[in-house]
Amino acid sequence: MPPFLLLTLAILAEVMGTTALKFSDGFTRWFPSLTVVLCYGAAFYLLGLALRHVPVGVAYAIWAGGGIVLITLVGVLWLRQSLDLAGLVGIGLILAGVVVLQVFSRTATLD
């Protein structure tokens with residue numbers, strides 16, 4: 001499987017786990033709590049596979065940036081949380097950083 005597909009799947013699993021964490025009510029609800037553990041386990045496994053070919057700094061920047069953007073979208077669109085202009089600008093800068101890494105940086109080349 002292509003490394004950046006593995007990384008994308010890792011990010012999606014992490015976002016699903018974080019969303020379940022919101023619903024776990026401090027790990028007092030068993031189904032969301034189990035979902036957290038399974039999703040985070042899958043996320044770290046997939047991240048580990050991606051790290052065979054993607055430099056760790058690049059992978060982590062994409063992991064963190066992509067996760068922040070996606071979990072913010074989940075919060076705004078599904079959980080009805082608000083985001084002000086400063087938050088939008090900050091998220092935009094994070095997304096821009098991920099794009100710069102992918103498009104312009106030679107650091108993001110695969111092994």
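On a predicted model such as this, the values are computed, not experimentally measured, just so you know. We use all heavy atoms of the structure for the numbers below, so side chains are in, but hydrogens, waters and symmetry mates are not.
In terms of hydrophobic clustering, with Ile, Leu, Val, Met, Phe, Trp and Tyr side chains grouped at heavy-atom distances under 4.5 Å, L46 and L5 are assigned to a common cluster. Each of L6 and M16 belongs to its own hydrophobic cluster when Ile, Leu, Val, Met, Phe, Trp and Tyr are linked at side-chain heavy-atom distances under 4.5 angstrom. In the hydrophobic clustering of this structure, L95 does not group with V100; members are Ile, Leu, Val, Met, Phe, Trp, Tyr whose side-chain heavy atoms approach within less than 4.5 Å, directly or through other members. Linking Ile, Leu, Val, Met, Phe, Trp and Tyr residues whenever their side-chain heavy atoms come within less than 4.5 Å places F4 and Y60 in a single cluster. One hydrophobic cluster, built from ILVMFWY side chains closer than 4.5 Å, cannot hold both L21 and L34; they sit in different ones.
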Distance-only donor-acceptor pairs under 3.5 Å for side chains of residues 64-90, two or more places apart:
from: T72; atom 1: OG1; to: I68; atom 2: O; distance (Å): 2.7
from: D84; atom 1: OD1; to: A86; atom 2: N; distance (Å): 3.4
from: D84; atom 1: OD1; to: G87; atom 2: N; distance (Å): 2.8

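In this structure, V36 and G17 approach most closely via the heavy-atom pair CG2-O, 3.4 Å. Shown here for T28 and D25, the closest heavy-atom pair between the two residues is OG1-O, 2.6 Å. Residues A50 and L7 come closest through the heavy atom pair CB-N, 4.0 Å.
Sorted by first and then second residue, the ring pair (Phe, Tyr, Trp, His ring centres under 6.0 Å) pairs with a member in residues 26-46 read F44-W63; sequence neighbours excluded.
Atoms CG and CE, from L9 and M1 in turn, are 6.0 Å apart once rounded to the nearest 0.5 Å.
Under the side chain to side chain contact (heavy atoms under 4.5 Å, CB included) criterion, A42 pairs with A13, not counting sequence neighbours.
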T18 vs V15, side chain to side chain contact (heavy atoms under 4.5 Å, CB included): CA-CA, chis, key distance, verdict: CA-CA 5 Å; T18 302; V15 169; 5.7 Å; no
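Around CZ of F23, the count of heavy atoms belonging to other residues, nucleotides or ligands within 6.0 Å exceeds 12.
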